[in-house]
Number of protein chains: 2
Amino acid sequence: MSIRIAVDAMGGDLGPAVIIEGAVSGARTHGASLLLVGDTNAIEAALKAVEHNDVTLEVVEAPDVITMHDHPAQAVRRKPQSSINVALRLIGEGRADAMISAGNSGAVMAASLMVLGRIKGIERPAIASYVPTVSGKTLLLDLGAVVDPKPSHMVQFAEMGRVYGERVLNIANPTIGLLSNGEEPTKGNALVQQVHPLLASRDDLNFIGNVEGKDVTMGTVDIVVTDGFTGNVALKTAEGVAAMFTELLRAEIMTSLPRKIAGVILRPAFRSLRRKLDYAEIGGAPLLGVNGAVIISHGRSSAKAIESAISVARRSVEADLSGGIATAIANTSSPVDVAQPAS
Amino acid sequence: MSIRIAVDAMGGDLGPAVIIEGAVSGARTHGASLLLVGDTNAIEAALKAVEHNDVTLEVVEAPDVITMHDHPAQAVRRKPQSSINVALRLIGEGRADAMISAGNSGAVMAASLMVLGRIKGIERPAIASYVPTVSGKTLLLDLGAVVDPKPSHMVQFAEMGRVYGERVLNIANPTIGLLSNGEEPTKGNALVQQVHPLLASRDDLNFIGNVEGKDVTMGTVDIVVTDGFTGNVALKTAEGVAAMFTELLRAEIMTSLPRKIAGVILRPAFRSLRRKLDYAEIGGAPLLGVNGAVIISHGRSSAKAIESAISVARRSVEADLSGGIATAIANTSSPVDVAQPAS
């Protein structure tokens, strides 16, 4: 049986048409069936513009919509029939194996905790995403689920990242770095100085020490662990630099005719580069630590990004990511918070 | 009389020859005289390789060297004759107007506080640097002087940034953004949520609200305020992405002969782009809030970066940055720390 993916058709800045185009294309490419959740009229209108006879799909009505401006926790409670809530309940009811939303990410987190709940032993979920690197990809987490984590939360981020690395990326014993303002173990803010010895004391984690911002894109480690505030700033800074680079390069090429001609010859090279560095194209970031495969996509997701999110959802389900995290956490003695930085 | 700049000749990963080459070139270009501080033999050997008859310079002996591996505060106390300490004392003694070091930045900060002291009213100094943006430059601070600031420190970072913007960049009433994980005033970690209302309540600061990581390179605001931990991670992430972009572009171009030829035509365009985005070339980051013009350069500074640091030093002195900060702080009622985030 193919994997069944509930897609929040109402999420995303670009509207249902883009979401549905990407979902249908992703379902075809990655062999999934779809439950498209939202306003039935809007979904059916969007489906008219997309060839979808070869894809198994069902429309599931959800009359409410949570917007980007809604307060996440309040909206989730006040709009139980929102597309986010309904899509998550499809997992709870066993009708879907995974859920994808490019909507209000705070609401997706709040609703996931309410509808699916945390994996036993997990204190806080984390949002994890790849970032492109010189040599491949690095998993960065947390990207904003927990902006003021405790040290023990950060240790669990490392544990969940390891399961993702092993199960989805097939990296045995992936290397883990702690994002800091310097490589030396003494560097870091108070939080990092508390987390460092906790990670260093864990023989089961391949912790190589502190890493710096430049390591996020250098592929120095397989997994970079950080708090959700810093991770969010780092990811969006990287996005911004990549966008700036593209824009400045275009401006340089337009300054003369020979440059324009050379630019035409190099167009496929630029396109390939842009694909590698376009953070909106990465697609989906799994919300690790909840009971179910929940994939959070960028608000500005293109159809291509949603297609890629379908692939992330499929891999998360096939690898039984939630089950792997549950097993890993059950086998770990509970991490201990330390009140003071270790000397 | 020309501006007299004390240069720590022993700082920097690339050795005295590179520092001295850049300092001499910068002194010539920007009309400064030099005090080259460090091991006299090493400095004189380096000077033999550089044409410098047209530049006024003096060698000042400093027998000790603080390395990148030394503990900053301890090294500053145990090595009072280090090139960093001696160079800073030249400002204290009125023999130099500014000091530049590409050495151990923690030691430069500690020694600056010990030798020059804080400006009256300033609680913590901050390291500020430009970052390249699509439309020009944005000043980002703090970059690592204070990794766990109090809210009142962050307000002073904004005040010092404003003085820099007005006096050095000639921007009347520069716009200020607070780096966060979302633009909404409710977004942010606990620190940001405490700082936001403090900045919003200040009529004398042109505070436009929270900005995101992508805004650092989009030129959305003139000044981005953040804690030293996040600022350091953001700057180094940006550096890493720029380096990755350059490397991936080179690899794409090398895949075929037509692409290589087009690459040759575009070489000046790539060079111009690299210059705009090479963070090591930006040169110098002023340490704002100490009694004197102290410029911290990247450990990997090239000669070009040191030349650029001379320019930053000259502008800092001519603009009387320290005097401007002292005046601004004296005219401000002391900011109040809040214990809880404003609702």
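Being a predicted model, the structure only gives us computed values, none of them experimental. In the text below, chain A, chain B and the rest are named by the order of the sequence lines, each starting its count at 1. Quick note: numbers below take in every heavy atom, side chains included, and nothing from hydrogens, waters or symmetry partners.
The distance from atom CZ of B:R259 to atom CG of A:L266, rounded to the nearest 0.5 Å, is 7.0 Å. We find the CG-CG distance between A:N232 and B:L179 to be 9.0 Å, quoted to the nearest 0.5 Å. Residue B:I253 holds its CD1 atom at 11.0 Å from CD1 of A:I265, rounded to the nearest 0.5 Å. In this structure, CD on B:E184 lies 10.0 Å from CE on A:M68, to the nearest 0.5 angstrom. Separating the CG atom in A:D227 from the OG1 atom in B:T230 is a distance of 7.0 Å, to the nearest 0.5 Å. With values rounded to the nearest 0.5 angstrom, A:L273 atom CG is found 6.5 Å from B:E252 atom CD.
Between chain B and the residues A:K214, A:H71, A:K187, the most heavy-atom pairs under 4.5 angstrom are made by A:K214. Of the listed residues (B:A243, B:G263, B:S180, B:G219), the one with the most heavy-atom contacts under 4.5 Å to chain A is B:S180. Between chain B and the residues A:E247, A:H69, A:E212, A:M218, the largest count of heavy-atom pairs under 4.5 Å involves A:E212. Between chain B and the options A:L143, A:V134, A:N181, heavy-atom pairs under 4.5 Å are most frequent for A:N181. Put simply, of A:S272, A:G144, A:P258, the one with the most heavy-atom pairs under 4.5 Å next to chain B is A:S272.
In this structure B:F229 satisfies the ring pair (Phe, Tyr, Trp, His ring centres under 6.0 Å) test with no other residue, sequence neighbours excluded.
Of the atoms belonging to A:T226, not a single heavy atom falls under 4.5 Å from chain B. Looking at B:T246, both its backbone and its side chain come within 4.5 Å of chain A, counting heavy atoms on both sides. Contacts between A:V264 and chain B at a heavy-atom distance below 4.5 Å are absent for every atom of the residue.
Nearest heavy atoms, A:T237 versus B:A238: CG2-CB, 4.0 Å. The shortest heavy-atom contact between A:A234 and B:V233 is CB-CG1, 4.2 Å. Between A:V147 and B:G188, the shortest heavy-atom contact is CG2-O, 3.7 Å.
Between the side chain of A:D148 and the backbone N or O of B:A190, at least one donor-acceptor pair lies under 3.5 Å.
Relative orientation of the A:F245 and B:F245 rings is parallel, given thresholds of 30° and 60° on the angle between their planes.
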